[in-house]
Amino acid sequence: MNRSNWKRIVVKVGSALIAPNRQGCSSHYLLSIAQFIVRCRMQGIQVVLVSSGSVAAGAHIFPEETKKNIAIKKAMAAAGQTEMMATWDKLFDFPSAQVLLTHADLRDRERYVSIRETLDSLLDHGVLPIVNENDTVTTDKLKVGDNDNLSAMVAAAADADALVICSDVDGLYDKNPHKHDDAKLLSWVDKIDESIYAMAGGAAEDGVGTGGMRTKVEAAEKAVSHGIDTFIINGFTELSFNLMLEGQNPGTHFQAHEKPMKENVHWMTHTSNAQGEVVIKEAFSDPLDEGVESLTSSEILDVKGEFSVGDTILVRREDGVKLAKAKSNYSSCLLNFIANEGNQKFASEFEEKTGPIISEQHIAVLENK
Ligand SMILES: Nc1ncnc2c1ncn2[C@@H]1O[C@H](COP(=O)(O)OP(=O)(O)O)[C@@H](O)[C@H]1O
Ligand SMILES: N[C@@H](CCC(=O)OP(=O)(O)O)C(=O)O
């Protein structure tokens, strides 16, 4: 494991580590993680901490029967966030900073750049950013939903060299080690495909956490395509961190792509959320790779969702294959109007003046065609 080029890393810590019995936060398992962070900083490696645990920390404040209510769950998070931050802050003799984000922040290009600038400022002044999802304001449309994927988006925004995801198992196994005694640890993954996802299974089963091994693989896929080495390690054992500091891999190492995606293409592919989609004629799809100006309203069969100029949309082929994600230069309302066959004369003149439907500067052609 080549750790020599690490200048900045992101460490993700799940609920089970910071609120192990869901009766508030405990630093019991955090001491070795805090020591790892301190020793990284002493070696000149900047660290961003992504910490779950606010919901788990706040859970005991609310009656058991109310905990399924989403508004109560958000209140739990708000109440627990203070305790989560305080639990971490008292372990360090340097300042920490609360960074609360939603997916709405990360998928907005202007805010994404602003987040990067703030993280750079904090890190350059020796402050430890402690990132969590801003559960108080999230909705189904605005949230990332799990801190595994959030940590990968933060690692991309921070342009980190490595992402270390702390789990309650040693890493990714070929099947769930809690259900199969013969499960074998994968110490190295150089290609994340359906076979890897099949090993990870479904969503988390522990209640207050929201990740699971699948979201960790999703996070790894996002990070490695940005050129970020990703590790899943056992956060409960000090040995994991000692081995990491010695340049050894204690868990599962997902190899960073040698040729990472261009930054804006990665953002469009893995962070930006499509607010709607256009369905195009099957016969058309090939020239999409030859230039976006060839996509005109005459090729559009359907416009789905409501979106504005500048929003990200999905370009889907008639047979359902996702072709690209791109910034739309037209609103859904206008596209519906010009895609209507009765308006073709107006449409061609309008498009001639206004320009291509999707932006050539902000497009990610999707590989899973
Ligand atoms: N193939 C697998 N390898 C490792 N863990 C797996 C696998 N499939 C499912 N799991 C489950 O995923 C859990 C780890 O994810 P999660 O529940 O989010 O906990 P944490 O966030 O604390 O790591 C493991 O405890 C295990 O029960
Ligand atoms: N914002 C939430 C994150 C929940 C979450 O992702 O939990 P986990 O799967 O344990 O990392 C919280 O602080 O509880």
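Bear in mind that the values here come from a model prediction, so they are computed numbers and not experimental data. All ligand and atom numbering here is 1-based and tracks the order in the structure.
- The contact set between ligand 1 and Tyr173, taken as ligand atoms under 4.0 Å from a residue heavy atom, comprises 1 (N), 2 (C), 3 (N), 4 (C).
- Annotation: Gly53 places an N or O atom under 3.5 Å from an N or O atom of ligand 2; distance criterion only.
- When only interatomic distances are considered, the shortest N/O to N/O separation between Asp148 and ligand 1 does not fall below 3.5 Å.
- Formation of a donor-acceptor pair under 3.5 Å by the Ser27 side chain with backbone atoms of Leu30 is not found in this model.
- With a 4.0 Å heavy-atom cut-off, ligand 2 is reached by the side chain of Asn132 but not by its N, CA, C or O.
- Taking every heavy atom of Ser54 and a limit of under 4.0 angstrom, the matching atoms of ligand 2 come to 12 (C), 13 (O), 14 (O).
- Taking distance alone, with nitrogen or oxygen atoms compared against 3.5 Å, Ala56 stays at or beyond that limit from ligand 2.
- Taking the six-membered ring where the residue is Trp, His266 and His270 present tilted rings, their angle falling between 30° and 60°.
- Residue-ligand proximity, Met199 to ligand 1, at heavy-atom distances under 4.0 Å covers atoms 1 (N), 2 (C), 8 (N).
- Between Lys216 and ligand 1, at least one pair of N/O atoms sits closer than 3.5 Å.
- Here the side chain of Ser151 pairs no donor or acceptor atom with the backbone of Val50 at under 3.5 angstrom.
- The distance from ligand 1 to the heavy atoms of Ser167 drops below 4.0 Å at these ligand atoms: 14 (C), 20 (P), 23 (O).
- With respect to Glu263 and Arg109, a salt bridge is recorded, a charged nitrogen being found less than 4.0 Å from a carboxylate O.
- The option from Gly201, Ser52, Ala200 that lies nearest to atom 8 (N) of ligand 1, judged by heavy atoms, is Ala200.
- Ligand 2 does not have Gln81 within reach: every non-hydrogen atom of the residue lies 4.0 Å or more from it.
- Checked by atom type, the side-chain pair Trp88/Ser51 shows a donor-acceptor distance below 3.5 Å.
- For ligand 2, the atoms sitting less than 4.0 Å from at least one non-hydrogen atom of Asp135 are 1 (N), 2 (C), 12 (C), numbered in the order shown with element in parentheses.
- Set against the non-hydrogen atoms of Asp146, the atoms of ligand 2 under 4.0 Å away are 6 (O).
- Asp193 has no carboxylate O lying under 4.0 Å from a charged side-chain N of Lys191, or vice versa, which leaves the two without a salt bridge.
- Remark: Lys353 does not engage Glu349 in a salt bridge, criterion side-chain N to carboxylate O under 4.0 Å.
- Near Lys12, the atoms of ligand 2 lying under 4.0 angstrom from a non-hydrogen atom of the residue are 8 (P), 11 (O).
- Taking 4.0 Å as the cut-off, Ala77 does not count as a neighbour of ligand 2 on heavy-atom distance.
- Using a 4.0 Å cut-off between heavy atoms, His178 contacts ligand 1 through its side chain alone, with no backbone atom that close.
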Verify side chain to side chain contact (heavy atoms under 4.5 Å, CB included) between Leu334 and Phe350, making sure each step is shown before the conclusion.
CA-CA 11 Å; Leu334 181 54; Phe350 185 84; 3.5 Å; yes
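- Although no hydrogens or angles enter the test, the distance criterion places no donor-acceptor pair under 3.5 Å between the side chain of Glu110 and the main chain of Asp108.
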For the pair Leu172 and Met213, evaluate side chain to side chain contact (heavy atoms under 4.5 Å, CB included) and give the outcome as yes or no after the intermediate values.
CA-CA 7 Å; Leu172 173 67; Met213 195 46 71; 3.6 Å; yes
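- Under the 4.5 Å side-chain contact rule for hydrophobic residues, Leu128 and Leu31 share a cluster.
- Both the backbone and the side chain of Asn176 come within 4.0 Å of ligand 1, counting heavy atoms alone.
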Mind listing the side-chain donor-acceptor pairs of residues 158-170 below 3.5 Å, one per line with the distance, residues two or more places apart or on another chain?
{"unit_1": "Asp161", "atom_1": "OD2", "unit_2": "Lys7", "atom_2": "N", "d": "2.7"}
{"unit_1": "Asp161", "atom_1": "OD2", "unit_2": "Arg8", "atom_2": "N", "d": "2.9"}
{"unit_1": "Asp170", "atom_1": "OD1", "unit_2": "Asn234", "atom_2": "ND2", "d": "3.0"}

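- Close contacts between ligand 2 and Gly14 involve ligand atoms 10 (O), 11 (O) [criterion: under 4.0 Å to a heavy atom].
- Salt bridge absent: Arg214 and Asp148 never bring a charged side-chain N and a carboxylate O closer than 4.0 Å.
- Considering backbone and side-chain N/O of Ser52, one or more are found under 3.5 Å from N/O of ligand 2.
- In Asn147, the parts holding a heavy atom less than 4.0 Å from any atom of ligand 2 are both the side chain and the backbone.
- Within the structure, the closest approach of Gly171 to ligand 1 falls below 4.0 Å when heavy atoms are considered.
- Close contacts of ligand 2 with Ser15, meaning ligand atoms under 4.0 Å from a residue heavy atom, involve 7 (O), 8 (P), 10 (O).
- Atoms of ligand 1 found under 4.0 Å from any heavy atom of Val169 (numbered from 1 in listed order, with element): 4 (C), 5 (N), 24 (C), 25 (O).
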Run the side chain to side chain contact (heavy atoms under 4.5 Å, CB included) check on Gln275 and Arg107 step by step: do they pass?
CA-CA 10 Å; Gln275 301 304 305; Arg107 71 179 177 231; 3.5 Å; yes
